[in-house]
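Data first, discussion second: the structure below is written as structure tokens.
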Amino acid sequence: YTIVIPPPNVTGVLHMGHMLNNTIQDVLIRRARMLGFNACWVPGTDHASIATEAKVVALLKEQGIQKKDLSREAFLNHAWEWKNKYGGIILKQLEKLGASCDWDRTKFTMDPDMSEAVLDTFIHLYNKGLIYRGVRMVNWDPQSLTAVSDEEVIYKESNSKLVYVKYKIENSEDFITVATTRPETIMGDTAVCVNPSDERYAHLKGKKVCVPVVNRWVPVIFDEYVDAAFGTGALKVTPAHDINDFNLGQKHQLPSIDALTADGKISEAAGAYVGMDRFVCRKQIIKDLQEQGLVEKIEDIKNKVGHSERTDAVIEPKLSMQWFLKMDEISKPALEAVLGGDVKLIPEKFVNTYKHWMENVHDWCISRQLWWGQRIPAWYDNNGNTVVSKTKEEAFAQLKNKNSELKIEQIKQDEDVLDTWFSSWLWPLTVFDANVVKNGWDNANADLKYYYPTNDLVTAPEILFFWVARMIIAGKEFTKQKPFTNVYLTGIVRDKLGRKMSKSLGNSPDPIDLINQYGADGVRVGMMLCSPAGNDLMFDESYCEQGRNFANKVWNAFRLIKGFESSNTETQPTSSKAAIQWFENKFNEQLEIIDDHYAKYRMSDALMATYKLVWDDFCAWYLEAIKPEFVNGKSMPIDTATLNATIHFLEKLLKLMHPWMPFITEEIWHLLEERKEMDCVIVAQWPTATKAADSKLLAEFEVCK
RNA sequence: GGGAGCUUAGCUCAGCUGGUUCAGAGCACCUGCCUUACAAGCAGGGGGUCACUGGUUCGAACCCAGUAGUUCCCACCA
């Protein structure tokens, strides 16, 4: 029974999402261990290129150092220094939560062997013809100066101005008015487009219009794409700065003028406002156009603007040279794996979402303009030749075949690194055998053959495509097998008002503070009490309070039992005998229910059933029934048979509680009796029903209550 | 614009194949209790038109249709 951890960002700190996620994994792994499986939970961290690089850049900035003033090597030294200093924090925090990982197996996605596997993967897929390089419209983050994937763009509703700008028509005193929210890209216009069925503009066929500011003449083109009902029904076409305009440009063979620089300023090519920030320019250009009488009107409009998930900067669609992985063929086995039930998504409702995405999957832009990460193993000579290989020497040998004059100093490696997900999609494979890509499944090491495929993956639905789907793809590609059988998708942790917990809102409690306040067991129980599978959970600290109260109750029950004075001479009261018989049946009945909840991954139900068995049935009824009488201010001794039965029950209950509350159960386990060295509840055997519950007896007891 | 889900007690949620576990649980609330395991507790108690409307059925929280509200995913609006 194996779980691989979704590796948290190496420089991150524990947040509520991790807490939920890892508590569930720990409950699963602890129970599996008690069921007698060789339970293996592999921990580790992710290098998270964009997030980590951004942090390092910010740290250096505080010290007065600019990234651009550093060499690649110097920057990476700083990054590693940072990683070595802070990289262990989150794992220590997981330990504090009680996560029973196989800590000796801890991996990092940029360990040398892990990185090598990433390069092997790139080379393998390149040689298979699945990786290509090309100019595409990508989502450009002008702050971190890198392309980001579609999935890393967050569209936010925002209030914008729709500016109606007049373009002069050729050989006429008339104007055509276009509506735009991005007047600062006017300098990049290479056409104006209208719908061919729009009669208002039929007379413009073959005409040219004049782009304001730069006074350049561009053609009027006709395309169904334009919605005649929006704005004026006329669209300015800026192929370099909008994906739709780019497509129009391709279709109508328009030139493309890149009017912006990588860091979001107006470029030389624009021919005006050069060097001005894009947002400053927007305001300025509106003002200038108004002065020239070229603004017809300005409307307020709500539209969605893409922001970078990592830096929150406004994303700029930008043409650039990137590496891509073809997804259509390689993703097919991964789609079938889920549709065919080979990989189960829990809850099932995510199958639809998965299917929809996998059927409409785009090629994956895998290059990032960063330094922190695995550098793309592509090499270029001075003649436009490209080869892909792991070392410079191999690359040189290959390039030499194409270019015999070449000297090794003349070849250059690609400057970009690979997307972080391009390493984490290998995670369930490479944590066991980093050579599997190179050697193939048939030559995989014993570890991988033993542990793979893993059993359960516990993660957030947000990364179903980023990560889960891609792991299935990689698993199928490199081993012909699924990487895991069950994917448990947790909800999103929200506050009690239903807002997503986030740093900026400041509504997220620090998990470590919660642990200090309520104990790790209390927080774990609190978390799991409010976490139905796949539904978001409205977290409130009062759940932790409930968890702590439960731990306290268990402790008090233990104190009572520990305080019993036993006596061989006492005879067992019939009431005690009846209570023992009843509780044994009750236990068996509830155990079956609890096991069933686990089997269906109904975690909070399994916990609640355990909670009620302990509190209501054991403490409130059973213990009250067998508790010896009080005579003359002194508790009477208890007969040995009842005491032994009670201790036995408590041990069985400790086992049931252990996955949820590892700390207190282990402590009580050892205080209850002298134990041999390896006799710990963590490795104790999960109870089995000694016999089927006697429902008649249970019903009779209900009446007696 | 396309798709999926959700709506049951004040809150968070169970309720599986339509019918004697069908109206439930935990928390919160109210009323008593500092009774030698436990006031972080104990004993008792109140509380729901199962979103709304209609349909199918001998029978509907459950099946069907529509409406409203809500959440999420995808596409992305110049």
Side-chain angles (χ1 to χ4, degrees), chain A residues 150-151 153 155 157 160 162-165 178-183 185 189 192-194 225-227 229-238 241-245 248 301-306 317 347-362 461-462 464-465 491-492 494 496-498 500 518-519 522 525-526 529-540 542-564 596-597 600 602 604-605 607-609 611-612 615-616 619-620 623-624 627 630 633-635 695 698-699 702:
Chain A
D150 292 345
E151 291 78 13
V153 180
Y155 287 91
E157 183 120 311
S160 303
L162 186 61
V163 185
Y164 288 72
V165 184
V178 303
T180 178
T181 54
R182 304 211 51 199
T185 63
D189 287 0
V192 165
C193 187
V194 297
Y225 167 73
V226 176
D227 175 6
F230 187 92
T232 60
L235 167 72
K236 74 184 202 57
V237 183
T238 322
H241 298 292
D242 183 280
I243 181 66
N244 297 303
D245 292 13
L248 280 174
I301 188 179
K302 276 196 197 314
N303 65 346
K304 296 208 169 162
V305 178
E348 261 178 74
K349 66 176 177 185
F350 288 107
V351 173
N352 281 334
T353 327
Y354 182 87
K355 178 167 180 268
H356 186 259
W357 192 79
M358 291 297 268
E359 284 173 348
N360 297 286
V361 65
H362 303 295
E462 299 158 305
L464 185 58
F465 311 124
I492 296 166
R494 298 173 177 278
K496 63 176 170 182
L497 299 174
K500 201 168 164 176
Y518 300 102
V525 169
L529 277 172
C530 60
S531 60
N535 280 337
D536 290 358
L537 55 115
M538 308 301 157
F539 180 81
D540 187 79
S542 66
Y543 285 109
C544 295
E545 207 176 314
Q546 194 182 344
R548 179 203 57 187
N549 293 354
F550 182 50
N552 195 47
K553 184 74 186 176
V554 171
W555 181 253
N556 283 317
F558 159 71
R559 275 181 49 208
L560 173 70
I561 295 167
K562 194 67 186 165
F564 284 153
D596 186 54
H597 284 318
K600 292 173 180 152
R602 303 168 64 131
S604 51
D605 291 335
L607 172 58
M608 186 46 72
Y611 179 96
K612 287 200 281 188
W615 199 312
D616 298 347
C619 295
L623 287 180
E624 289 302 329
K627 197 157 75 172
F630 239 83
K634 203 174 174 309
S635 176
S695 53
L698 289 171
E702 286 306 309

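To find a chain, count down the sequence lines: A is the first, B the second, and so on, and within it residues start at 1.
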Checklist entry - Touch check for A:Asn360, heavy atoms < 4.0 angstrom, all strands: base, sugar-phosphate only, or nothing? => result nothing
Next on the checklist: What's A:Val178 touching, base or sugar-phosphate or nothing? Going by heavy atoms closer than 4.0 Å.
Outcome noted: nothing
I need the minimum non-hydrogen distance between [X] and [Y], along with the two atoms involved.
X	Y	value
A:Val226	A:Gly233	CG1-O, 3.4 Å
A:Val153	A:Gly306	CG1-CA, 3.7 Å
A:Gly231	A:Tyr164	CA-OH, 3.6 Å

Item to check | Runs of at least three Watson-Crick or G-U pairs with RNA chain B, cut-off 3.5 Å | outcome: B:1-7 with B:68-74, B:10-13 with B:24-27, B:29-33 with B:41-45, B:51-55 with B:63-67
Next on the checklist: Within the 4.0 Å limit for protein heavy atoms, which parts of nucleotides 23-39 of chain B are touched? Write it as a string from 5' to 3', B for base, S for sugar-phosphate only, - for none.
Outcome noted: --SSS--------BBB-
Rounded interatomic separation in angstrom, taking [atom1] from [X] and [atom2] from [N]:
X	N	atom1	atom2	value
A:His356	B:G5	NE2	P	14 Å
A:Phe350	B:C73	CZ	C1'	9 Å
A:Glu359	B:G3	CD	P	15 Å
A:Leu537	B:U12	CG	P	12 Å
A:Lys349	B:G3	NZ	C1'	14 Å
A:Tyr518	B:A40	OH	C1'	11 Å
A:Met358	B:C73	CE	P	18 Å
A:Phe465	B:G3	CZ	C1'	12 Å

Item to check | A:Asp242 side chain reached by A:Leu248 side chain, heavy atoms, under 4.5 Å | outcome: no
Checklist entry - Quick one: does A:Trp357's side chain get under 4.5 Å of A:Leu464's, heavy atoms only? => result no
Next on the checklist: Applying side chain to side chain contact (heavy atoms under 4.5 Å, CB included) to A:Asn244 and A:Leu235, what does each step give before you reach the verdict?
Outcome noted: CA-CA 11 Å; A:Asn244 297 303; A:Leu235 167 72; over 6 Å; no
Distance, [atom1] atom - from [M] to [N], rounded to whole angstrom:
N	M	atom1	result
B:C72	B:C30	P	34 Å
B:U36	B:C42	C1'	14 Å
B:G46	B:C62	P	27 Å
B:A61	B:C16	C1'	14 Å
B:C73	B:A65	P	26 Å
B:U49	B:A9	C1'	13 Å
B:A23	B:C27	P	23 Å
B:C11	B:A28	P	15 Å

About how many Å separate [atom2] of [Y] and [atom1] of [X], when rounded to the nearest 0.5 Å?
X	Y	atom1	atom2	answer
A:His356	A:Asn352	NE2	CG	10.0 Å
A:Phe539	A:Leu529	CZ	CG	10.5 Å
A:Asp189	A:Thr238	CG	OG1	4.0 Å
A:Lys236	A:Cys193	NZ	SG	13.0 Å

Check residues 549-559 of chain A and write down every donor-acceptor pair under 3.5 Å in which the side-chain atom is one partner and the other belongs to a residue at least two apart or another chain.
residue: A:Asn556; atom: OD1; partner: A:Arg559; partner atom: NH1; Å: 3.1
residue: A:Asn556; atom: ND2; partner: A:Asn552; partner atom: O; Å: 3.2

Using a cut-off of under 3.5 Å, enumerate the N/O to N/O pairs linking the protein to nucleotides 7-10 of chain B.
none

Next on the checklist: Tell me whether the side-chain N/O atoms of A:Arg494 come closer than 4.0 Å to OP1 or OP2 in B:U70.
Outcome noted: no
Next on the checklist: Taking side chain to side chain donor-acceptor pair (under 3.5 Å) as the definition, give me every residue that meets it alongside A:Asp605, ordered by chain and number, with sequence neighbours left out.
Outcome noted: A:Arg602
Item to check | Counterpart residues, side chain to side chain donor-acceptor pair (under 3.5 Å), relative to A:Asp245 (two or more places apart) | outcome: none
